[in-house]
Each structure stands twice: as structure tokens, then as C-alpha cells.
2 protein chains.
Amino acid sequence: MSTAKELKEAGLKTTLPRLRILSVLEGSQGHFTAEDVYKALLDAGEEIAFATVYRVLTQFESAGLVLRHNFEGGRSVFELDDGQHHDHMVCVKCNKVTEFYDEEIEKRQQAVADKHGFKLEGHSLTLYGICKECQ
Amino acid sequence: MSTAKELKEAGLKTTLPRLRILSVLEGSQGHFTAEDVYKALLDAGEEIAFATVYRVLTQFESAGLVLRHNFEGGRSVFELDDGQHHDHMVCVKCNKVTEFYDEEIEKRQQAVADKHGFKLEGHSLTLYGICKECQ
DNA sequence: GTATATGCAAAACTTTTGCATCCTT
DNA sequence: AAGGATGCAAAAGTTTTGCATATAC
């Protein structure tokens, strides 16, 4: 799965800034604010404009390549969308983000929506607490 | 449950702006952006500064009188904290907010946290979709 | 009277946008 | 060559803050 191909399939031109941002998102952490991405590129010695980071992340979101989350704290957090839905646990001390998936929770959400005649289109579930390492 | 008493118990002086904001929050809708509160007061002919609305809401949050939510859309939403925990369904068309509570979801969240050695302190669950009226 | 709260304006932050220039195809 | 992308700077939107004045106790 070449990153260039991913861009093509999303209908986006293969440009250096986009490839660089994609490669950051594919890094180990998985969850990034726009600033995280910007700094990661600067640290790697790669020039980029902050506005471009936002524009590209927004395009990636529209193209379905990236998910955007609004955790507490006011800043958007972005992650690659691998198609596997999951929810998040965020450590309030170190900000580490851990993913999880619980079939029963998913089912109950749908049941709750159904009960209210609400047509469910998506959801956001985030657990806040202290991760094992920070306790 | 006089509102003045609520303020006293929270350790806050009983001032007119605070009483007015409290009375807005006690209104029927239940969920307000800072702007909602500000406009409600202006519409009622009561002068107030936008900064005061934010300051008071933030104080109320610290005092445990009010909960602050970060739904999609970037603006904070505030509601009185009546002590009864609940989650939210937000209509993506009319922005109406409906509350719900599901015991099973709560339990599963704790179970997920336990499984990861995560000390759960809170959570945020919001369902997005189209409410009955908007369909 | 003293401490605290408010109003106003300005600042701080995050995110978006206009426009000239540059790059991809 | 043509359309779209980037960089820069400025704007927009939300929330916070400094400071003089006003208010609660």
C-alpha cells in the first residue's frame, strides 16, 4: 500500500507535503494534533507551513483517510483511518491514547438510538483516566 | 433549592450576573453554548459582558455546578450538573441534545478500563445522528 | 471598608482563508 | 500549459486575561 497510491485513490495529487504528512501519521504514536504533525516535520528538517498541515489534514479527513477527534483540551486530534472502528482511552497525565473496541457497547448504542427514534450516524466515546504507567 | 443558596454553597458570592446565568441554565433547553447564555440574557433585556459569561461558566464548572462538553463543532456546551450522570445524543441537523443513560454501557466501560489497567476517572459518550423530528 | 466581581478591550489560541507563486500532471 | 497546491500573512472564531471600576458582604 504505497502512500502515493493512497493519495491517488483519494483523488489528491501526489505532493511532497502530503506524502510527508502521511508518513508522520503512519508513525508509531498514531494520534496527533496539527501541531504535533507540524513539529514532527520541522524536527525532521522538512519545511512546511502550518496552514498546509491544517489544509492537508482537513482534505484527508474529507477523503476518508483520516479521522478527527475532539478530545478535551480544545485541540483536534487526527489519526489515520484504517477502517477498523475503535474508541479511545486518554491518559489525563501523559495524554497517551489507547484504542479499544467493545462489541457490546456498540450494540447498546444502537439500541439506545433506536429506542429514541434517532438515526445513528456516528459516535464518540472517550474514556479519561490514568494509564497503567502513570499510576 | 434557591439559586442564591447554590452559589453560597459553592463558595461564590451572590451576584446578579451569576444569578442570571444560573436562571438561564435552569431553563428548559438544558444545554447551552456560552453564546446561547449570552443571547438569552440580552434577549431578556439583561445587560452582561460576554467575558463574564465565560468567567462565570468556568467558575461554575470548577465549583461542580456545571458540566462542560466538547461536542463536534468546536464550541463548548454547558449544562447544569444535577449529579445524575448521563450521556448525550446530538442531532446533526438541529443540534438538539438528548440525554440518555445505559447501565450496561457504563459497566462495559469500567470493564474495558480494568482490562487495560487503566484507572477510569470519567468518560464522554456522544451519539451523533438525526433526531426523530428531523428525519 | 475590603475583597471580589464585572465590563471593556485587548490578547491568546486554534483553525481557516485570500492571494500570489510554485508544482504536478 | 492548466489546474491545483503551497506559503505567507491576515482573518475568523472561541475563550481567556489585564486592569479600572463597581458591587457584595
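Per chain, numbering begins at 1; letters A, B, ... match sequence-line order. From a predicted model like this one, the values you see are computed outputs, not experimental measurements.
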Q. Which salt bridge (charged side-chain N to carboxylate O under 4.0 Å, His left out) pairs, counting each pair once, include a residue from residues 94-103 of chain B, with sequence neighbours left out?
A.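 Those involving residues 94-103 of chain B are A:Arg108-B:Asp102, B:Lys96-B:Glu133.
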Q: Using the salt bridge (charged side-chain N to carboxylate O under 4.0 Å, His left out) rule, collect all pairs that involve residues 112-130 of chain A, keeping only residues at least two apart or in two chains.
A: none
**Q.** Whichever hydrophobic residues join A:Leu67 through chains of side-chain contacts under 4.5 Å
**A.**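 Under the 4.5 Å side-chain rule, A:Leu67 groups with nothing.
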Q: For residues 107-135 of chain B, pull every pair meeting ring-ring contact (aromatic ring centres under 6.0 Å, His included), keeping only residues two or more places apart or in separate chains.
A: B:His85-B:His123
Q) For residues 19-49 of chain B, which residue pairs qualify under ring-ring contact (aromatic ring centres under 6.0 Å, His included), counting only residues two or more places apart or in two chains? A) B:His31-B:His88, B:Tyr38-B:Phe50
Once you round it to whole Å, what is the distance between [atom2] of [N] and [atom1] of [X]?
X: B:Leu57; N: C:dT6; atom1: CG; atom2: C1'; answer: 14 Å
X: B:Phe71; N: D:dT14; atom1: CZ; atom2: C1'; answer: 17 Å
X: A:Leu7; N: C:dT24; atom1: CG; atom2: P; answer: 13 Å
X: B:Leu41; N: C:dG7; atom1: CG; atom2: C1'; answer: 15 Å
X: A:Arg20; N: D:dG7; atom1: CZ; atom2: P; answer: 9 Å
X: A:Ile48; N: C:dC22; atom1: CD1; atom2: P; answer: 18 Å

Could I get the full list of side chain to side chain contact (heavy atoms under 4.5 Å, CB included) partners for [X], not counting sequence neighbours?
X: B:Glu46; result: B:Arg20, B:Leu41, B:Ala44
X: A:Gln84; result: A:Asp82
X: B:Lys13; result: B:Thr15, B:Arg18
X: A:Lys39; result: A:Glu35

**Q.** Residue B:Glu104 excluded, over 12 heavy atoms near CD under 6.0 Å
**A.**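 Yes, CD of B:Glu104 has more than 12 neighbouring heavy atoms, counting only those of other groups under 6.0 Å.
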(Q) To the nearest 10°, give me the bend of the helix from C:dG1-D:dC25 to C:dT25-D:dA1, comparing the axes of its five terminal pairs at either end. (A)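 For the helix from C:dG1-D:dC25 to C:dT25-D:dA1, the axes at opposite ends meet at about 30°.
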Q) What string of B, S and - do you get for nucleotides 20-25 of chain D 5' to 3' if you count protein non-hydrogen atoms under 4.0 Å? A) ----BS
Q: Report, as a single string ordered 5' to 3', how protein heavy atoms within less than 4.0 Å touch nucleotides 9-18 of chain C: B base, S sugar-phosphate only, - not at all.
A: B----SBBBB
Q. Does the A:Glu72 side chain pair with the main chain of B:Asn70, one donor and one acceptor, at a distance under 3.5 Å?
A.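 Looks like no, no N/O pair under 3.5 Å.
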